[in-house]
Structure formats: structure tokens, C-alpha cells
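Take a look at the structure below.
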Amino acid sequence: RGGAPSNIFIYGTTGTGKTAVTKQVLSKLKERAESRDLAFKYSYMNCQHVDTKYRVLTQLCEDIGIDVPFTGLHFDVIYQKFKEALDDLDTLHVTVLDEVDMLYKKSSESLYVLTRMNSDLESSKISIIGITNDVNFKETLDPRIRSSLSEEEIVFSPYTAEQLNDILTQRSDVAFHKGILEFGVINLCSAVGAQQHGDARRSLDLLRVAAELAERNGDEKVTEIHVRKAQQVIERNTVIEVLTSLPIQTKAVLQAIFMGEGKTEAITTGDVYEIYSKICKLVRLDILTTRRVGDLINELDMLGIITAQVISKGRGGRSKRIHLTVPHRQVREVLESDFRLSKIFEVDSI
DNA sequence: TATCCACAGGAACGTAGGGACG
DNA sequence: CGTCCCTACGTTCCTGTGGATA
């Protein structure tokens, strides 16, 4: 209608279709706008990667067709550039910020800048759609941002097993020949997805991988066994992928945890650091400070590779109890394939 | 019950690597 | 060129703290 657009806030756990629906709606809107000759643009960004105000603006510029370097310019310069370009386009621009909580955590300023951009714009308007799976996010938000960001709210509830079942049935009718899927396969996939907070993506991936396994095996039907197998394959692949792409220092810390776990039950930050230092000496790696290693341990925790729980041992001090949460075999496999660290495994004692 | 250990984790800063611009 | 600004990764210095023990 050409009126002032509201900012929208969308909640919902992973795999409930927030992103898919948002994208779908926006592209429909775009179609409509085009057919009526209305100016409409949108850009989508995932704040896991786009997590500074600078990057947000860079991304926005790219989306409306301005070339900017990914680094080098003063923020204000980019801001001006974008503002002018957008005003020239005389359009309505919708900015989708997926996983806004990440952006806010790392740079609360960016959201503020975005919300107040409208007052700087003359002929164009900008509207923000924030997507998050953190239900408490709104409470942690700065009041000034909160009021303008959450003018309207939409909640996506998790899919139930039945809904997942419908989705899978519908998809599989298109993707597979009749009778390929053994009875119960879809049920199992949707049940697993429902357990994962109603995650449709998980269910679909599971079904796809199970089918691939069956095909590779030359089996005629996809059975529940394939699904179980697929579960393991997916799990394993994601773990290995994450581990392999870790920076060398983080890997060294992981290795220290790995070796420490073999010896004692509860391994602490201090233990890890001790082993880590020895490893570094052996492979001629710079030894980082405890402070930094503490952060690396936290990073591993965030990635879900380990759990690090703060505990107090009274006069024994406060520390973190650290545990690996991924299979040891996979950790070893990845570490052994890293040429810089592999030789540690040839040494008997650390 | 006050103490005190072994860290947790915040703040500020340094260095290296990169690109824009005059 | 030098200057200005960005990011990534690390360091230094620091204050804070849960709870078993003296």
C-alpha cells in the first residue's frame, strides 16, 4: 500500500520454517510490487556471519548494487553511501536479519543504527525483520531498540510429529517412486525431527541421506535401518566438518583435552593448559597465555564439542570441569589427519 | 565463619594483514 | 607513498568469586 512499513520480529526454534517462510513471503511481495510497478527491495543476511555494523552495511550496499570493499572504509562513509544510494532508488527496503541475537550480542550498536536510519532517509523507507530462536531475546534488548524493532511480532511454533509427517509425505510423493519407502520410514524421520524441537530440516535431511544410503547400497527399498544409519552419518559428518575447520591453536587445545580425558575423570582448565603447553613445545607451536586458552575452551564449548562447567573446589579454587561430548574416535581421526599435530600420537607419554 | 585457592572473564591495548583514498 | 579505517588474534592487567577448609 506504500504506507510506512512496520518492523517485524519473528520467533521460533530452528527448523520451524521462519527463514523459509520469510523468504517466500518477501519474494511474493517483490513479484506483486513488480507487477504493480512499485519499488520494493529486500536483502537477507544471516547474522552469524554478518555480525558487525560494518558488515551489515557492506552487505546492504552489495544487495542494492553498490560495490564496497569488505574492509578499509570508515563506517560513516559506507553509511552515507548506502543512504544516498537507497534514497536515489526511491524504494521500500526490507532488511531481514536472521539470528539477530548474534548481531546484538556482538554489536548492539548495529541494530540501533538500523532502526534510526529511517529518520535519515528522505525518499526511501527501510523496514527490519528480525528473526531469532532465542525466546528471551526481546527481554535482553535495549528498550529504545525493542520498541521500534518489535512493532509487530510473529511466533512460529515447533512442528509436531504429525505435521512433520505431512511434510515428509508430501515431499516424498514428489521425490520418490511409489513403494520405495518402507512403511514406518517417514514416521521414524518425523519422530526424530519432532524430538529435535520440531525441526523440519532435520527430518528432511534424514530422509534424503537414508535414501542415498539405500541407493548406494543397491537396496530396493529404504528401510528404518537406513534411517538409523543415516542418523549416524549426519552426526558424524557434521562433527568431523566442524573439527577439521578449527584453527590450529584450537585444535591443540582440543588435543590437550582429548589426551587429558584418557588419564583422569575430571579434567580442569589447569590440567588442559599443562598438557597443551607440552604439546606446543613438541610440535613447535607458540604457547598462548592461559587467558587466551580459556577463551579457546569457551569456543569449543560454544561449538558443542566439549562441555565446560564452572565448578568450585573450595580451597582448591574455582575452575572448569571439561568433558568431550563428541566421540573420541572422531576427534582422534581429525587430529591425526592434521600433519602438524599427528606426530603427538607417535609419542608415548606427554 | 572467614579465608583463600585457581581460576573466570572484562577492558584496554598491540600487531599483522588488508583495502581506500588523496 | 602515508594516512585512515577495518578485522582477527593475542597479550597484559585486572577484579571477581563458590565453597571446602583452617
Side-chain angles (χ1 to χ4, degrees), chain A residues 45-85 97 99 101-114 140 142 242-257 260-261 263-281 283-323 338 340-341:
Chain A
M45 59 193 83
N46 187 314
C47 299
Q48 246 177 358
H49 310 110
V50 188
D51 55 4
T52 64
K53 60 176 181 176
Y54 190 85
R55 285 195 190 157
V56 171
L57 259 290
T58 318
Q59 182 72 45
L60 282 173
C61 284
E62 256 169 45
D63 287 347
I64 62 169
I66 321 169
D67 265 341
V68 280
F70 77 99
T71 173
L73 286 183
H74 189 315
F75 173 76
D76 293 342
V77 176
I78 296 212
Y79 182 82
Q80 282 304 325
K81 254 191 175 178
F82 176 70
K83 208 189 75 185
E84 280 161 22
L97 300 171
E99 314 201 33
D101 43 325
M102 302 297 281
L103 178 61
Y104 186 70
K105 215 187 290 166
K106 290 185 188 155
S107 147
S108 54
E109 208 192 333
S110 351
L111 282 181
Y112 185 66
V113 168
L114 282 174
T140 63
D142 184 314
V242 170
L243 293 186
T244 311
S245 60
L246 250 29
I248 182 68
Q249 287 287 358
T250 317
K251 273 189 189 171
V253 172
L254 179 64
Q255 178 146 32
I257 296 168
E261 272 225 324
K263 286 183 189 151
T264 40
E265 277 302 302
I267 177 166
T268 66
T269 308
D271 303 334
V272 171
Y273 190 72
E274 210 173 295
I275 304 172
Y276 160 82
S277 310
K278 287 179 186 166
I279 291 175
C280 287
K281 230 177 267 172
V283 301
R284 301 184 195 290
L285 208 60
D286 290 342
I287 302 178
L288 304 181
T289 52
T290 49
R291 181 69 185 81
R292 182 68 185 135
V293 170
D295 277 346
L296 294 182
I297 289 174
N298 284 339
E299 275 170 36
L300 287 171
D301 190 10
M302 291 243 292
L303 287 168
I305 299 166
I306 62 170
T307 56
Q309 203 189 358
V310 184
I311 49 153
S312 176
K313 291 181 290 184
R315 286 228 151 165
R318 259 171 118 241
S319 184
K320 274 183 166 172
R321 192 196 292 129
I322 297 164
H323 278 299
D338 189 305
R340 290 160 295 190
L341 294 172

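Every chain is numbered from 1, with letters handed out A, B, ... down the list of sequences.
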Legend entry - Among dC7(B), dA8(C), dG10(C), the nucleotide that comes nearest once only the side chain of T268(A) is considered: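 So the side chain of T268(A) is nearest to dC7(B).
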
Legend entry - D286(A) CG: over 12 foreign heavy atoms closer than 6.0 Å: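 Open.
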
Inset, instruction - Taking atom CD of Q309(A) as the centre, report whether more than 12 heavy atoms of other residues, nucleotides or ligands fall under 6.0 Å from it. - result: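 No, because the 6.0 Å sphere around CD of Q309(A) holds 12 heavy atoms or fewer from other groups.
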
Check whether any side-chain N or O of [X] sits under 4.0 Å from OP1 or OP2 of [N], and answer yes or no.
{"X": "K320(A)", "N": "dA6(B)", "result": "no"}
{"X": "T289(A)", "N": "dT11(C)", "result": "yes"}
{"X": "N298(A)", "N": "dG9(B)", "result": "yes"}
{"X": "R321(A)", "N": "dA8(B)", "result": "no"}

Interface polar pairs with nucleotides 18-22 of chain B, N/O, under 3.5 angstrom:
| residue | atom | partner | partner atom | Å |
| --- | --- | --- | --- | --- |
| dG18(B) | N2 | T71(A) | OG1 | 3.1 |
| dG18(B) | N2 | G72(A) | N | 3.4 |
| dG19(B) | N2 | G72(A) | O | 2.7 |

Legend entry - Contact nearer the 5' end of DNA chain B, comparing D271(A) with R291(A):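 Result of the comparison: D271(A).
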
Which part of the nucleic acid, if any, lies within reach of [X] when heavy atoms closer than 4.0 Å are counted: base, sugar-phosphate only, or nothing?
{"X": "T290(A)", "answer": "nothing"}
{"X": "G294(A)", "answer": "nothing"}
{"X": "D295(A)", "answer": "nothing"}

[N] [atom2] sits how many Å from [X] [atom1], rounded?
{"X": "D286(A)", "N": "dT15(B)", "atom1": "CG", "atom2": "C1'", "result": "13 Å"}
{"X": "R292(A)", "N": "dC7(B)", "atom1": "CZ", "atom2": "P", "result": "19 Å"}
{"X": "Y273(A)", "N": "dA6(B)", "atom1": "OH", "atom2": "C1'", "result": "14 Å"}
{"X": "I297(A)", "N": "dA6(B)", "atom1": "CD1", "atom2": "C1'", "result": "13 Å"}
{"X": "F75(A)", "N": "dC4(C)", "atom1": "CZ", "atom2": "P", "result": "20 Å"}

Inset, instruction - Report, as a single string ordered 5' to 3', how protein heavy atoms within less than 4.0 Å touch nucleotides 17-22 of chain C: B base, S sugar-phosphate only, - not at all. - result: BBBBBS

Inset, instruction - Give the minimum heavy-atom separation between K320(A) and A308(A), together with the two atoms involved. - result: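 Taking K320(A) first and A308(A) second, the nearest heavy atoms are CD-CB, 3.9 Å.
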
